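What follows is a set of notes on a single structure, which appears directly below.
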Amino acid sequence: MKRNAKFESGLYYHEIIKANSDSILFRDSDDKKFFLKKMCTFILPCCEILAYCILGNHVHLLLKPHPKEILSKLTLNLHLLDSKLKASDLQDYLDHKIEMKLPLGEKNTSVSVHEQIRSCLKSLKRSYDHYLLKKYNASGSLWSRYKSTTLLPYPEDVSRTIIYIHKNPVYHGMVHHPEDWSYTSIHEILAQQDKLVRSNEVIRWFGSISEFRACHAVTQTEFGKKPAKLKSTLNTPL
């Protein structure tokens with residue numbers, strides 16, 4: 001697996017977004033719900049989401065960038081307007097309440113997939129910054145400069161990362177079972193819903209709902225040892 005990788009269309013990536021100095025970013029359920037709402041706004045136009053988990057001081061995402069030809073114009077424009085848009089202007093811009101002209105001489109088509117997705121992640125964080133400023137009067141450097149973008153080149157890497165993301169609250173001692181944590185994609189997948197996550201695609205990685213459940217039931221010690229049972233049940237999606 002390649003760390004600090006650049007985003008390319010059609011590949012799979014594990015993205016970790018961390019707080020600065022491990023401070024608390026999400027203090028209550030409303031904070032997490034707001035961040036989920038903004039994930040719809042800023043992530044879905046550029047990527048499919050296969051898994052996510054929001055904890056107190058960091059967020060895990062498993063992303064698959066859209067093909068360049070179908071990336072939303074929003075992602076192109078955000079990259080070009082990043083230097084002009086204030087965090088407080090982002091939602092007004094999206095709601096067409098304000099207009100911002102693109103810099104002269106810039107061509108949207110010249111922006112790479114990596115730049116577009118980085119711009120969307122940046123805008124996601126800026127939007128949440130503005131929310132925290134209004135709610136808690138919190139300001140300053142809220143997000144770590146640490147960048148963790150890991151390319152997942154093999155099917156077993158993708159499947160194991162899905163499990164890792166869902167079991168992260170268990171590893172941190174927050175809950176006993178992945179389903180006990182509210183702010184994770186496992187609930188949407190088990191219900192076979194498509195809200196934030198492409199649930200059916202995730203299930204195809206495991207073959208069935210029953211195999212998805214079985215793989216998530218593997219203990220932490222077994223998970224670390226890469227058990228043969230886990231790898232043998234994984235499938236490449238159609």
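From a predicted model like this one, the values you see are computed outputs, not experimental measurements.
With 3.5 Å as the limit, one finds no donor-acceptor pair spanning the side chains of Y131 and D30. No side-chain N or O of H66 forms a donor-acceptor pair with one of S9 less than 3.5 Å apart. In the model, Y171 has no side-chain atom that pairs as donor or acceptor with a side-chain atom of K167 under 3.5 Å. Remark: the S21 side chain and the S23 side chain contain no N/O donor-acceptor pair separated by less than 3.5 Å. Side-chain polar atoms of R118 and T149 form a donor-acceptor pair below 3.5 angstrom. Side-chain contact annotation: N168 with W181, donor-acceptor N/O pair under 3.5 Å absent.
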### Task
Give the C-alpha distance, both sets of side-chain angles, the deciding distance and a yes or no for salt bridge (charged side-chain N to carboxylate O under 4.0 Å, His left out) between E8 and K64.
CA-CA 9 Å; E8 296 181 37; K64 179 185 178 184; over 6 Å; no
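Although no hydrogens or angles enter the test, the distance criterion places a donor-acceptor pair under 3.5 Å between the side chain of Y13 and the main chain of K6. A distance-only check finds no donor-acceptor pair linking the side chain of E201 to the backbone of R198 [under 3.5 Å].
Within 6.0 Å of NZ in K135 there are more than 12 heavy atoms belonging to other residues, nucleotides or ligands. Annotation for E179: atom CD counts as buried by contact number, over 12 foreign heavy atoms lying within 6.0 Å.
Atom CD of E15 is separated from atom CD1 of I43 by 8.5 Å, given to the nearest 0.5 angstrom.
Aromatic ring centroids of H166 and H187 lie 6.0 Å or more apart. Proximity of the aromatic rings of F26 and Y128 is defined here by a centroid distance below 6.0 angstrom, and this criterion is met.
Looking at heavy atoms from C-beta onward, I117 lies in side-chain contact with F7 at the 4.5 angstrom threshold.
The aromatic rings of H60 and H14 lie parallel to each other, with less than 30° between the two planes, well short of the 60° mark.
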